[in-house]
Amino acid sequence: GFSNCNSQWNGGGFYSRSFTQNGSVAFSNCSSQRSGGGLYVGSEYLQHGTAVFHHCTAKEDGGGLWVFRFQQQAPVSFYNCRAAIGGGLSASTVNGTQPMNFHECRATEAGGGLRLQGLEGSALERFRAEKCSAARASAIQARNLTIQSLVLVDTFNQTVDAVSLKLSTATFHVEGNKPDVSMEAVDLQIDSDVDCSKLRECRLVVTSSAPKLGGFQCSLGAGVAENPAFGCLACPEGYTQIDNVTNGSCRQCPAGAALCHAGKIQMMYGLMLHEGNVSRPLHCPTKAACRGGELPFTDSRPMCQKGYGGEGCASCVKDEGSLYLMPDSSVLACTPCAPDTTSRLLQWCSFLGQRFVLFAVSAAIIFRAGHGGRVKSSGVYLNQLMAFASVSGCVVTSVMQTETAQKMKNVAVEYLYDIAVFLSDAGSGQGSNSSHCLLSYLGLEATGVPGVHCLDLVVATSLVLLLSLKDSRVALVAGLNCFLPGILADFAKYAVCYRLGGMDHLICSHLPLPFGNLFGLIAVAAGFLAVFAVSLFLWIQLSTSEAKEDELPIHVVFLTRKYGEGRRYFETERLVRKVLLATAAALYPSTTFPALQLTSLTIITGASMLVYGLFQPYRQQRWNWSELGLLATALLLIAMASAVIWNEERWDKTQIAQMLMIITLGAIVTAVCSAFMVKIAVEVWRERRPADGSHP
């Protein structure tokens, strides 16, 4: 090899008119005052063995090698070579069939790795430049060049300057921050995709009218462009590209984006995107399922919250091994199912126990209605509480869906609302647990809303039949009073529909019939009206008796004796009210339609308050005042919930005021339900005392 050689002319290590190399050769630390710091060949260089140039320099051309015509038939490598032009190699033409590598070569003017000056065409098999640099064309400057495989590693800025350039493959690799790479050519042909996925930008500036390009693989934040240059260009303001590797262009930022940069999108609360179409935001039916997710996907800000998936995050999915299914309060929400057998048994016990206890208490009060010749206050207060709890449960659920409520992590506040929800559920007999989860424990997960509907019917029918062994009419009254609102509300769950966008079609995913939305909705409405009409007929029949006042059946006493003359059928109003409240809550879930639900509750509750205020139907005035007080409290709760929900949309909302309103609402529900439960218990105890005294 040649080491530490220098020349005042050309060829610091070796000078020759022509050179045929058969074995390996190495040039190290050689320099020239003109051209060819390591080797200068004036005519033709036939290379049959490996050649390596280390730390060679030339003041003019070819820091490692200057040659007129280079026939490269063995690998050649240039390391840390320097020159004004062609930091590694300067030649007129090159025909190579083996790899040509340049590592950290530099030119102060042009061609940091390779410079080809001849007009004749040159061809290379594999060209690799790593960390090369130059004022112009940090990798290659050439007139007419064909390369089968071009690889640039950490070689930036304007990498190639050519009149005519043909490539079969082009790949760019970088470490650290993504830089920019550009190539300029008058005529350019690339047969395959150019891999720019490791670069921030890569530009191919072509002056010919019709370059032949295979395509580009762009990185995050960059998209394929054809003007003002071909290649991968960083997305301008208002546009984005969130794929790590793509052959697509930048797309316009979606409406509803809280943040939108070249390589990142963050959506507003209640909106989501699919990676396949970032220009079309989807409105999530359940806003709490979409809390401002990011693309590309991140664990810290997922597009859909845990348990939600699909378009609009409207489907329940398995997440981290946990099964999520719809709760009883909303067919568009998702709640985790119990993971272990003990928890599942407790859920079944809670579901059945809640319904059994309410049914048993209601039946016991009916049986005692005819004892003692006077109306029992406990039965009046129980019915009033059930009607109030139907409203309070909906209000609490609506408020808990707001963003402020979701962010309230105070343990005391969560405990307060857990109590409020429990008391409302216990009072109304319509729990907010998931019957769908209960069915999944039996392998009936796929039954959906029809399965939940059947479960409610089976439980209600079983309890009514069980009590019918003692008194069928009492069983029917107790069953209609406790279970009819929930069973009719299940009909409304079939009809819950939503849209993902302003012009999108209506999605009614729970309709039972495969005949389209219209016929499905008609069938659901017909079923609801038929069951409701039959139930009202039975209820009125049960309230009617031809017997004398002191010989009335106990169920008739329960339904009519508490009311004054001419108002014996007023208990029908309460049943209708409970049905309408439950139906409105199911048809307009608070997770999706809080405003519609609260408006419906306001109309129903307000109408009932007006009726009770005008007719004063109870025999005892204290019952009338109790009813009116509960209705007024229900309207207050609805007004507070409406204020919280509507204030959520304002940019100038006060977080503390929102939190105080939510806490106050939960406290009112807890206090009223607790007070009435205590009052009912006290009344039951008082009503039993005379009986205990007369029958020792």
Side-chain angles (χ1 to χ4, degrees), residues 69-73 76 86 88-102 110-130 132 134 136-153 155-174 180-219 222-233 245-249:
R69 184 179 293 108
F70 186 18
Q71 301 292 338
Q72 183 219 355
Q73 298 177 13
V76 59
L89 166 63
S90 182
S92 178
T93 60
V94 176
N95 289 293
T97 60
Q98 295 294 320
M100 182 179 288
N101 301 310
F102 297 84
L114 168 66
R115 192 212 184 184
L116 298 176
Q117 307 172 47
L119 296 176
E120 298 180 27
S122 295
L124 297 174
E125 180 67 24
R126 282 181 285 172
F127 180 95
R128 177 187 173 93
E130 182 173 353
C132 295
R136 181 176 178 83
S138 56
I140 301 172
Q141 185 181 52
R143 291 180 178 271
N144 188 346
L145 177 61
T146 299
I147 303 176
Q148 294 300 314
S149 174
L150 171 66
V151 178
L152 302 179
V153 180
T155 300
F156 311 140
N157 303 322
Q158 186 206 17
T159 56
V160 178
D161 178 14
V163 175
S164 177
L165 179 64
K166 297 179 181 179
L167 304 173
S168 293
T169 62
T171 306
F172 304 98
H173 296 287
V174 296
D180 301 339
V181 169
S182 66
M183 299 168 60
E184 294 187 12
V186 176
D187 185 24
L188 178 64
Q189 176 180 332
I190 303 178
D191 296 333
S192 64
D193 287 355
V194 181
D195 187 357
C196 300
S197 60
K198 302 295 190 296
L199 304 173
R200 192 178 74 90
E201 282 191 344
C202 61
R203 300 169 179 263
L204 305 185
V205 181
V206 185
T207 58
S208 66
S209 57
K212 299 177 181 178
L213 305 176
F216 296 89
Q217 296 293 325
C218 301
S219 65
V224 176
E226 296 183 0
N227 186 30
F230 295 92
C232 297
L233 304 185
V245 180
T246 184
N247 57 3
S249 58

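Worth knowing before you read on, the calculation uses all heavy atoms, side chains too, and leaves out hydrogens, waters and symmetry mates.
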Problem set entry | Residue pairs involving residues 137-150 (criterion salt bridge (charged side-chain N to carboxylate O under 4.0 Å, His left out); sequence neighbours excluded) | none

Review item, side-chain donor-acceptor pairs of residues 116-124, under 3.5 Å, at least two apart:
| from | atom 1 | to | atom 2 | distance (Å) |
| --- | --- | --- | --- | --- |
| Gln117 | NE2 | Asp61 | OD2 | 3.3 |
| Gln117 | NE2 | Ser90 | OG | 2.9 |
| Ser122 | OG | Val94 | N | 3.0 |

Exercise. Sub-3.5 Å donor-acceptor pair from the side chain of Ser219 to the main-chain atoms of Leu199, do we have one?
Worked result: yes

Exercise. Got a sec, which pairs hit ring pair (Phe, Tyr, Trp, His ring centres under 6.0 Å) with one end in residues 110-130, sequence neighbours left out?
Worked result: Phe102-Phe127

Exercise. At what distance, to the nearest 0.5 angstrom, does CG of Leu145 lie from CG of Asp161?
Worked result: 11.5 Å

Seminar exercise, completed: Residues passing the side-chain hydrogen bond (donor to acceptor under 3.5 Å, both in side chains) test with Asp195, sequence neighbours excluded, are Ser197

Problem set entry | Atom pair CZ (Arg200) and SG (Cys202), whose distance is rounded to the nearest 0.5 Å | 11.5 Å

For this session: Taking all heavy atoms of Gln148 and all of Glu125, pick out the closest pair and write down the distance.
Result: CB-O, 3.1 Å

Problem set entry | Residues in ring pair (Phe, Tyr, Trp, His ring centres under 6.0 Å) contact with Phe216, at least two apart in sequence or another chain | none

Exercise. Between Gln98 and Val76, is a side-chain contact (heavy atoms from CB on, under 4.5 Å) present by the stated rule, with each step listed?
Worked result: CA-CA 8 Å; Gln98 295 294 320; Val76 59; over 6 Å; no

Exercise. Quick one: salt bridge (charged side-chain N to carboxylate O under 4.0 Å, His left out) partners of Arg126, sequence neighbours excluded?
Worked result: none

Exercise. What do the steps show when you test Ile140 against Leu165 for side-chain contact (heavy atoms from CB on, under 4.5 Å), and what is the final call?
Worked result: CA-CA 10 Å; Ile140 301 172; Leu165 179 64; 5.9 Å; no

For this session: Name all residues meeting the side-chain hydrogen bond (donor to acceptor under 3.5 Å, both in side chains) criterion together with Gln73; count only those two or more places apart in sequence or in a different chain, and write none if there are none.
Result: His48

For this session: With sequence neighbours left out, write down each residue that passes side-chain hydrogen bond (donor to acceptor under 3.5 Å, both in side chains) with Asn95, or none if nothing qualifies.
Result: none

Exercise. Under the disulfide (SG to SG under 2.5 Å) test, which residues partner Cys232, sequence neighbours left out?
Worked result: Cys218

Problem set entry | Partners passing side-chain hydrogen bond (donor to acceptor under 3.5 Å, both in side chains) against Gln217 (at least two apart in sequence or in another chain) | Asp193

Exercise. Rounded to the nearest 0.5 Å, what separation is found between the CG atom of Leu89 and the CZ atom of Arg115?
Worked result: 11.5 Å

For this session: Only counting residues at least two apart or in another chain, list the ones meeting side chain to side chain contact (heavy atoms under 4.5 Å, CB included) with Ser192.
Result: Thr169

Exercise. Does Asn101 have any side chain to side chain contact (heavy atoms under 4.5 Å, CB included) partners at least two apart in sequence or in another chain, and if so, which?
Worked result: Ser77, Pro99, Arg128

